[in-house]
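Below is one structure, written out as structure tokens; the observations come after it.
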Protein chains: 2
Amino acid sequence: MGLTKTEIFTEEQNRLAVMLKAIAHPARIAILQEIIKSNTCICGDLVDELGLAQPTISQHLKELKNAGLIQGTIEGVSVCYCINPPVWNELREQMSGFFAAYDLKATCC
Amino acid sequence: MGLTKTEIFTEEQNRLAVMLKAIAHPARIAILQEIIKSNTCICGDLVDELGLAQPTISQHLKELKNAGLIQGTIEGVSVCYCINPPVWNELREQMSGFFAAYDLKATCC
DNA sequence: ATGATTAATCGTAATATTGCAATATAAAGT
DNA sequence: ACTTTATATTGCAATATTACGATTAATCAT
């Protein structure tokens, strides 16, 4: 108990859940928006930009990285983060499928 | 501590996080897919379809309903669930914005 | 080497989530 | 009224998440 029964679901469902869970936090949404907006990757700027402590930001970045949504490159003293295209596209396609499936349907009830 | 600092983020960021958090579980993804696939709304069928206990399914449905993603109509003894178009479209647009913003960018690092 | 800067990790407290057995509620049929 | 059928609620145990202070690790400049 207290543990998601991943073995019951398809690989696709589990992957999508992992990716969405990574995004499903306002801080991580804000981080992704910053990363996308500032074409050039950021790092410690996020600590100033958002009002969260450095360890907290670092942890959120780690979760986004674990889900594969972003990648980090060491750039001297700092770390440069950016979107990881393959996983980002995987997410985009999964969501497209979701929305497309509903488009054709009428409301019931 | 242990509590998300919602006051730090925009209303949009918080709303998107709530919607995504509701979807970000394999069981709830499976439920949404079933609801979308079976144009006609389902309810207890989900208990048979997925391999989870009735209270567990009921709880997942409640979370989806709380986020506004689905709506339930009492139909005699059973309850008929279906997508709630306004919120569903809100989510679709938010996600579109996300993906569109990245489209234009090149990879850095 | 020393100090400054940047980011990750550890430890911990507060809270949230997941799943289910047991029970409660509510409508329909008999 | 009583039983059946369908769903919701309650209570609880196991685990996960969120946030941050304190510390560590790693790179750069002097």
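Every chain is numbered from 1 and lettered A, B, ... according to where its sequence line falls, protein lines coming before strand lines.
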When all nucleic acid strands are considered with a 4.0 Å heavy-atom cut-off, which category describes A:Leu52: base, sugar-phosphate, or nothing?
-> sugar-phosphate
Do A:Ile70 and A:Leu61 have side-chain heavy atoms sitting under 4.5 Å apart?
->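 The answer is yes; the side chains approach within 4.5 Å.
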Any side-chain heavy-atom pair from B:Glu11 and A:Pro26 closer than 4.5 angstrom?
-> no
From [atom1] of [X] over to [atom2] of [N], roughly how many Å is that when rounded to an integer?
X: A:Ile29; N: D:dT18; atom1: CD1; atom2: P; answer: 11 Å
X: A:Asn66; N: C:dA8; atom1: CG; atom2: P; answer: 12 Å
X: A:His60; N: C:dT9; atom1: NE2; atom2: P; answer: 15 Å
X: B:Leu50; N: C:dG19; atom1: CG; atom2: P; answer: 11 Å
X: A:Glu7; N: C:dG19; atom1: CD; atom2: C1'; answer: 12 Å

Could you walk me through whether B:His60 and B:Leu46 pass side chain to side chain contact (heavy atoms under 4.5 Å, CB included), step by step?
-> CA-CA 11 Å; B:His60 282 306; B:Leu46 291 164; over 6 Å; no
Pairs: protein N or O with nucleotides 1-10 of chain D N or O, under 3.5 Å:
unit_1 : atom_1 : unit_2  : atom_2 : d
D:dT7  : OP1    : B:Gly44 : N      : 3.3
D:dT7  : OP1    : B:Val79 : N      : 3.3
D:dT7  : OP2    : B:Gly44 : N      : 3.1
D:dA8  : OP1    : B:Tyr81 : OH     : 2.4
D:dA8  : OP2    : B:Ser58 : OG     : 3.0
D:dA8  : N7     : B:Gln54 : NE2    : 2.8
D:dA8  : N6     : B:Gln54 : OE1    : 3.0

Parallel, tilted or perpendicular, as decided by the 30° and 60° cut-offs, for the rings of B:Tyr102 and A:Trp88 |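 Ring orientation, 0 to 90° scale: perpendicular.
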Assess whether side chain to side chain contact (heavy atoms under 4.5 Å, CB included) is satisfied between A:Gln33 and B:Gln13, documenting all intermediate values.
-> CA-CA 10 Å; A:Gln33 286 173 334; B:Gln13 289 167 335; 2.7 Å; yes
Proximity to the side chain of A:Glu63 - top-ranked nucleotide from C:dC20, C:dA16, D:dT18 | D:dT18
Electrostatic pair B:Glu12-B:Arg15, nearest N-O below 4.0 angstrom | no
Residue-level proximity of residues 12-27 of chain A to DNA chain C when a heavy atom falls under 4.0 Å | none
Between A:Ile74 and A:Arg28, name the one whose nearest nucleotide on DNA chain D is closer to the 5' end.
-> A:Arg28
N/O donor-acceptor pair under 3.5 Å between A:Asn14 side chain and A:Thr6 backbone |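 Present.
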Residues in side-chain hydrogen bond (donor to acceptor under 3.5 Å, both in side chains) with A:Glu49, at least two apart?
-> none
Kindly determine whether B:Thr56 and B:Leu50 satisfy side chain to side chain contact (heavy atoms under 4.5 Å, CB included), including the steps that lead there.
-> CA-CA 11 Å; B:Thr56 308; B:Leu50 321 181; over 6 Å; no
